[in-house]
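Since the model is a prediction, treat every value here as computed from it, not as a measurement.
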Amino acid sequence: MGLTSQSTGTGALKEMFEVQLESPNDIVVALAGNPNTGKSTVFNSLTGLNQHTGNWPGKTVTNAQGKYKHKDNKYVLVDLPGTYSLLANSVEEQVARDFVCFGNPDATVVVTDATCLERNLNLVLQIMEITDNVVVCVNLLDEAKRKKINVDLKKLEKILGVPVVGTTARSGKGLSKLKDTVEKVAKGEIKTNPKMIKYDEALELAIKEIDPLVNELIDNKLNSKWISLRLIDGDNTLLESMNEYLDFNLDKNESLNEKLNSAHENIKKQGIKLEDLRDFIVSNIVRTAENISKDVVSLENEAHNQLDRKIDKVLTSKFLGIPIMIALLGVVFWITIEGANVPSAMLANGLFRIEEQLTIFFNTIGTPQWVHDILVLGIYRTLAWVISVMLPPMAIFFPLFTLLEDLGYLPRVAFNLDHYFKKACAHGKQALTMCMGFGCNAAGVIACRIIDSPRERLIATITNNFVPCNGRFPTLIALATIFIASGTGAFSSVVATLSVLLAIILGVMITLFISKILSKTILKGLPSSFTLELPPYRKPQVGRIIVRSIFDRTLFVLGRAVAVAAPAGIVIWGMANITIGDASLLTHCAQFLNPFAQLLGMDGYIMMAFILGLPANEIVIPILIMSYMSKGSMLELDSLSEMKQLFVDNGWTWLTAVCTMLFSLNHWPCGTTLWTIKKETQSWKWTWMSFIIPTVTGIVVCFIVAQGATLLGLV
């Protein structure tokens, strides 16, 4: 039944859950559902680009809200985390449950998948225990039709006692009717009578024993039967939430505790162990969902998912799964690298033409040279370099990555790698966050939100930097091409590609190794389990993929990179142009670091390039060229052969290139990623750990390789 409007009001709603209301008359709609039901598609179709994304108060779970108008009414749609139940086994489940319970939505839409309705009904039944204002959206009717699965929507509506609307959100079919139904439910024009779950006799008797007292204590503000069941089950997270949102401290009520003890004793007498209560509750929910599904779902073809299973036998097989995954990721990287060259060059030319015009403008108004140099050669040139090198690869990689996600392939990647992450005592979903890190480590850190366990989420966050992002690929590719692949003739591109691929595989191996060390030391704890659903393969929606990846990922990450790069441009210019004696600050620092860098197979200028490249890995090579040529601003050379000659003239060998590649693979995260880690963990401690751990790893690896090669006489 939810809280009454008198008890909370829209002001309390906004304060507790940070719902973005423009007016007290706005209608708040909660959008719930299992993962892979098309819930996000429904949300995006209804709200368009009128969306706001953040975090739930005090949580790192994404809070997406959107607005739409319908028949002169304004609606605020709150997209709840995708969950399989509301039994609060994870932060996502707790957030979804609390909003339905205490957020006072005017209506709750539960999105279900028509191709697997039975499983989705578990969540529907649980939500109907909490609130009457429910609309069931049976989505993906097009896929059900293709698989010859028929769902009797009218019969389902009659059984559930709440409105049921069929939709195909990808094409917009049924969404208009969904809006009409939500309006009628929110305004009370449709009277619902939700079907209640019939529990085992022992549970029903226990509920009946404490229900009257609970109803009296909460003053009919929540469904007392549901609260009674949760108290019997010992759901402490609900008690904490009730205390937070309603200021009810039920666990200190002596009369209630006496009745709970009595109810538990009666349950024990029925031969039910208290630790098995949750299983009994879940079995009743599942059984009810099965019975409803049998009544409303009919299959014309029992083998409707055979094609998916045949594909899965290949893509998730023990022998072919990993090679196919590596090949697909290799194709994505190749398309990203090759495809970004032309737009990156065009963007750079355009931005540097603007730089020329800025120089003319500052000269015209008589600006002092040092002001021009700081603003144009320092800040602007750094920003131009970051944008021109960073934007095109992200604009290609993220849509490709989202395409694999939309096809349904990414859960197969997690399935293939789950065994290895389990061996490393890490969470299987870390495979997905690691893959996202190939595009941008900051985006990979944000993706760690999908991991329920806080301990395992931290492991994934700290180790995400061990896989190279697109900012480090230019360095890896350039050095592999001009040093490792040189002299191999027609096979040079193949050798360079294999070298970069080996670096990627090494990064994955180090990720697993460090994850295991963390899980056995500072982040020791029991591994958690998770439900991994392999969704059906679907035809991707290219338009939505491009919009989602550009706005949600590319521009978001680029914005943070620009904010970090701007002040760094001043530092880089200052280091190159402020002199002490006959040398710049950059040279003095490089000479100071040189003995240490030599132990790692590099030199002081290389080390300074990595340090000054903190804002973005893309500018490491330009800074290094600037340093070797003793210029006052970053620049690039016309060809790789010129770069090789410059590096060789400054004492580079193949070992220098290898150690630089290894250090590029293993060193501190870029400024954007560190900023993101701080935002996600809300902790300076773990931000510093994320800085120190990969840096120490890089130092150790480079030292072993450099000293080992020297002792063996390989250089």
Side-chain angles (χ1 to χ4, degrees), residues 35-45 49 51 53 62 64 82 113 139-140 142-143 146 168-172 307-308 311-312 314-316 320-344 390-417 429 431-444 446-447 450 467-470 473 501 504 532-558:
N36 302 309
T37 58
K39 182 168 66 73
S40 295
T41 306
V42 172
F43 177 78
N44 293 329
S45 298
L49 296 177
Q51 301 174 6
T53 303
T62 303
D113 181 352
N139 192 33
L140 302 174
D142 56 335
E143 289 192 17
R146 179 170 57 86
T168 302
R170 295 156 73 90
S171 63
L307 179 59
D308 285 1
I311 296 174
D312 279 339
V314 177
L315 296 183
T316 62
L320 294 176
I322 298 292
I324 291 175
M325 180 193 72
I326 293 174
L328 273 175
L329 290 176
V331 170
V332 169
F333 296 143
W334 181 81
I335 294 173
T336 300
I337 295 165
E338 290 295 317
N341 287 334
V342 174
S344 184
M390 195 174 185
L391 179 57
M394 284 200 302
I396 295 172
F397 177 84
F398 283 138
L400 290 175
F401 191 86
T402 310
L403 174 66
L404 294 177
E405 182 181 15
D406 217 39
L407 280 167
Y409 180 67
L410 289 190
R412 275 80 184 176
V413 172
F415 179 85
N416 289 332
L417 294 177
K429 288 182 182 178
L432 298 179
T433 68
M434 182 185 68
C435 290
M436 181 63 78
F438 285 118
C440 175
N441 294 125
I446 294 172
I450 66 175
V467 293
C469 63
N470 64 50
F473 277 118
L501 189 59
I504 293 169
L532 177 61
E533 180 181 359
L534 298 183
Y537 294 99
R538 293 168 179 158
K539 181 181 178 181
Q541 295 178 291
V542 178
R544 292 186 186 278
I545 286 172
I546 293 173
V547 171
R548 200 166 98 218
S549 57
I550 294 296
F551 285 93
D552 289 354
R553 292 171 178 169
T554 304
L555 294 182
F556 175 77
V557 173
L558 185 64

What's the verdict on side chain to side chain contact (heavy atoms under 4.5 Å, CB included) for Ile326 and Leu501, showing C-alpha distance, side-chain angles and the deciding distance? CA-CA 9 Å; Ile326 293 174; Leu501 189 59; 4.1 Å; yes
Report the C-alpha separation of Ile446 and Thr433 in whole Å, then their side-chain angles, then the decisive distance to 0.1 Å, and conclude whether the side chain to side chain contact (heavy atoms under 4.5 Å, CB included) test is met. CA-CA 8 Å; Ile446 294 172; Thr433 68; over 6 Å; no
Applying side chain to side chain contact (heavy atoms under 4.5 Å, CB included) to Leu140 and Asp113, what does each step give before you reach the verdict? CA-CA 6 Å; Leu140 302 174; Asp113 181 352; 3.3 Å; yes
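Sorted by first and then second residue, the pairs that involve residues 435-444 and meet side chain to side chain donor-acceptor pair (under 3.5 Å), not counting sequence neighbours, are Asn441-Asn464, Asn441-Arg472.
Atom CD1 of residue Ile322 and atom OG1 of residue Thr316 lie 10.5 Å apart, to the nearest 0.5 angstrom. Atom OH in Tyr409 sits 5.0 Å away from atom CG in Leu328 (nearest 0.5 Å). Rounding to the nearest 0.5 Å gives a distance of 5.0 Å between CG of Leu315 and CD1 of Ile324. We find the CG-SG distance between Leu404 and Cys435 to be 9.0 Å, quoted to the nearest 0.5 Å.
Phe473 and Phe438 make their closest contact through CE1-O, 3.9 Å (heavy atoms, listed as atom of the first residue, atom of the second, distance). The shortest non-hydrogen separation linking Cys440 to Cys469 is CA-CB, 4.0 Å.
Not counting sequence neighbours, Asn416 has no partner by the side chain to side chain donor-acceptor pair (under 3.5 Å) test.
Ser45 places a side-chain N or O within donor-acceptor distance of the main-chain N or O of Ala169, the cut-off being under 3.5 Å.
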